[in-house]
Amino acid sequence: MRAPVYVATLAAALFSVPTTAATAAAEKDCKPKYSQRMASSIIARGQGVMTGLGGASEALQAGVVQKAFTALSAHAAHDHASAATYEQYVRVSATSVIPFLSNALTDSLTYPMDRLSNGNALLALSTAKGSLYRIAADALRESINLNRRNSEGGLWYFVYPYWSYLDGMYSLAPFYTLYSLTRPGSNRTASLDDMLLQFDLLWRHTRHNATGLLSHGYDASRTAVWADPVTGASPYVWGRSLGWYTMALVDTIEILEKEKAPSKYKASLLDKFQNLMPAVLKAVDPRTGGWWQIVDQPGKAGNYIESSATAMFSYSLLKGARLGYLPKKLAPTAAIVGARAQKYLTDHFVVENADGTLGWNGTVAVCSLNSTASYEYYVGQPILYNSVLGSASYVLASVEVEKL
Ligand SMILES: *[C@@H]1O[C@H](CO)[C@@H](O)[C@H](O)[C@H]1NC(C)=O
Ligand SMILES: *[C@@H]1O[C@H](CO)[C@@H](O)[C@H](O)[C@H]1NC(C)=O
Ligand SMILES: *[C@@H]1O[C@H](CO)[C@@H](O)[C@H](O)[C@H]1NC(C)=O
Ligand SMILES: *[C@@H]1O[C@H](CO)[C@@H](O)[C@H](O)[C@H]1NC(C)=O
């Protein structure tokens, strides 16, 4: 599966094949890549470090930075100094969450499922028994048992009774899976079965038969103003929530494979991934190569190409193609569409600052189901400048492009 044949064709299609002289010039120029430039800019802004003062999404901001920088430091391993810088920042970020997330009960009651995005870095740093990293990782794992659930066993995303969101899967599944497969006495089979159940419940409740896309979430009690009377689903396909779900699938499949989990788990998630990604490909905006804030309402007044969702789909498509998680026939197209999206982001949402750092534009603030969940609600939420939920996802997508 390494170095598939389509890569050369792909590179030629995307970027006109450079001449030898141009290649030499580019090497001499030695410009840092966008993945590293954006990561250094995130560091320069001090983002992804939890302070307790940064609002409800701080734990998720830390978690997504840790994941992006972990991928980047592995990718940049030949450049020891840079790799060490990113690794060190993962440690700083993971250390910063310890005071907030080391109590399982508080975790389960006061933080959304997003808290679990910190778990993989905490596990990686948990080398010594009794270390604070291990205590925090164990508390996060225990908080899954304490998290409230609906009558079908679906985990509540946060404090809203019986509501489950796609968003939570990115934080839950890779951590739940890695913990179950690497920590002895972790109730492995029941935990992995539960992980699959969470993907499945969201799928069954939120999938639109016509498009194959998933809407933002569902209310198992069907009482929310937005809930479909039959399925409980919210009405719209919100780009970023679906992006979290597709990244959850591809990252969890990778862990299941690496840790040699029983094959039924990978088979189940691959089935979903291979069913969902063609729908995501179909929904791409043909003019820009990006995805809409409300994915299933292309071109409607007020709708726009949203940068965090575009980065997440770019990453999911490229990584899925690279690791062989997509059907052979689809992989080349997926990689081309993923790379084109990353280039659109670079050209339209990456901002060159005078001091050499990169800014990031076009990422929507929080969209919550604690709202009308109407079309007007989703397109009316503010755009945040330098949102790390978008820029860290762009680092992930850029690492994938640089691997081509
Ligand atoms: C293992 O997980 C199952 C399902 O979540 C639960 O019912 C059971 O009590 C757990 N057992 C232990 C020893 O934690
Ligand atoms: C969607 O498809 C599923 C599976 O084929 C079917 O059970 C369900 O009734 C369909 N729902 C709608 C609203 O058409
Ligand atoms: C961010 O995007 C908005 C909307 O396109 C634009 O008005 C604004 O100038 C951009 N900010 C920067 C710093 O480029
Ligand atoms: C949910 O929305 C209501 C109404 O806007 C607000 O008062 C409440 O604080 C929100 N709940 C949370 C947990 O944010």
Side-chain angles (χ1 to χ4, degrees), residues 34 37-38 41-42 44-45 47 52-61 100 105-115 143 147-148 150 155-165 167-168 171 216-219 221 223-227 234-236 238-241 285 287-294 299-311 341 343-394:
Y34 278 102
R37 290 190 65 200
M38 186 58 82
S41 307
I42 289 169
R45 290 190 278 273
Q47 294 180 294
L53 305 169
S57 84
E58 254 201 331
L60 181 58
Q61 291 177 36
F100 301 99
L105 187 61
T106 318
D107 287 352
S108 70
L109 294 174
T110 56
Y111 290 97
M113 211 113 88
D114 304 342
R115 66 188 183 272
S143 80
N147 203 100
R148 289 162 288 190
N150 65 36
L155 292 159
W156 298 10
Y157 169 73
F158 190 29
V159 293
Y160 313 113
Y162 313 113
W163 299 2
S164 299
Y165 296 13
D167 314 29
S171 300
H216 188 173
Y218 72 97
D219 172 7
S221 72
T223 53
V225 292
W226 43 256
S234 64
Y236 291 104
W238 177 37
R240 184 154 78 231
S241 70
D285 173 47
R287 195 177 61 80
T288 59
W291 282 265
W292 299 86
Q293 156 74 349
I294 303 188
K300 192 166 164 181
N303 208 358
Y304 55 88
I305 301 298
E306 201 277 330
S307 64
S308 66
T310 297
K343 181 160 185 339
Y344 183 77
L345 293 169
T346 305
D347 294 345
H348 290 86
F349 295 109
V350 171
V351 179
E352 291 276 353
N353 294 322
D355 64 1
T357 61
L358 297 178
W360 177 259
N361 208 353
T363 288
V364 71
V366 177
C367 292
S368 169
L369 286 177
N370 188 31
S371 70
T372 56
S374 62
Y375 182 84
E376 292 69 28
Y377 169 75
Y378 284 102
V379 300
Q381 285 301 95
I383 300 293
L384 292 184
Y385 189 62
N386 281 336
S387 166
V388 83
L389 303 185
S391 60
S393 302
Y394 172 78

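These numbers come from the heavy atoms of this one structure, side chains and all, not from hydrogens, waters or symmetry mates. Order of appearance sets the numbers: ligands from 1, and atoms from 1 within every ligand. One is the number of the first residue; the rest follow in order along the sequence.
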Chi angles and distances behind the side chain to side chain donor-acceptor pair (under 3.5 Å) call for S393, S308: CA-CA 7 Å; S393 302; S308 66; over 6 Å; no

Interfacing atoms of ligand 3 (cut-off 4.0 Å, heavy-atom, Y385): 13 (C)

Distance-minimising heavy-atom pair for Y394 and T346: OH-OG1, 2.8 Å

Mutual orientation of the aromatic rings belonging to F158 and Y160 [parallel < 30°, tilted 30-60°, perpendicular > 60°]: perpendicular

Ring center gap for Y236 and H216 short of 6.0 angstrom: no

Ligand 3 contact by F349, heavy-atom criterion under 4.0 angstrom: no

Check: N361 N/O within less than 3.5 Å of ligand 3 N/O: yes

Under the side chain to side chain donor-acceptor pair (under 3.5 Å) test, residues paired with S371 that sit two or more places apart: none

Lys/Arg-Asp/Glu bridge criterion (N-O < 4.0 Å) met for R37, E352: yes

Check: W292 ring centroid to W238 ring centroid under 6.0 Å: no

Below 3.5 Å only, please: the N or O atoms of ligand 4 paired with protein N or O atoms, distance on each line.
from, atom 1, to, atom 2, distance (Å)
ligand 4, 2 (O), N370, OD1, 3.3
ligand 4, 2 (O), N370, ND2, 2.3
ligand 4, 11 (N), N370, ND2, 3.0
ligand 4, 14 (O), Y160, OH, 3.4

W156 ring center near Y162 ring center (under 6.0 Å): yes

For V351, the ligand 3 atoms whose distance to one of its heavy atoms is below 4.0 Å: 14 (O)

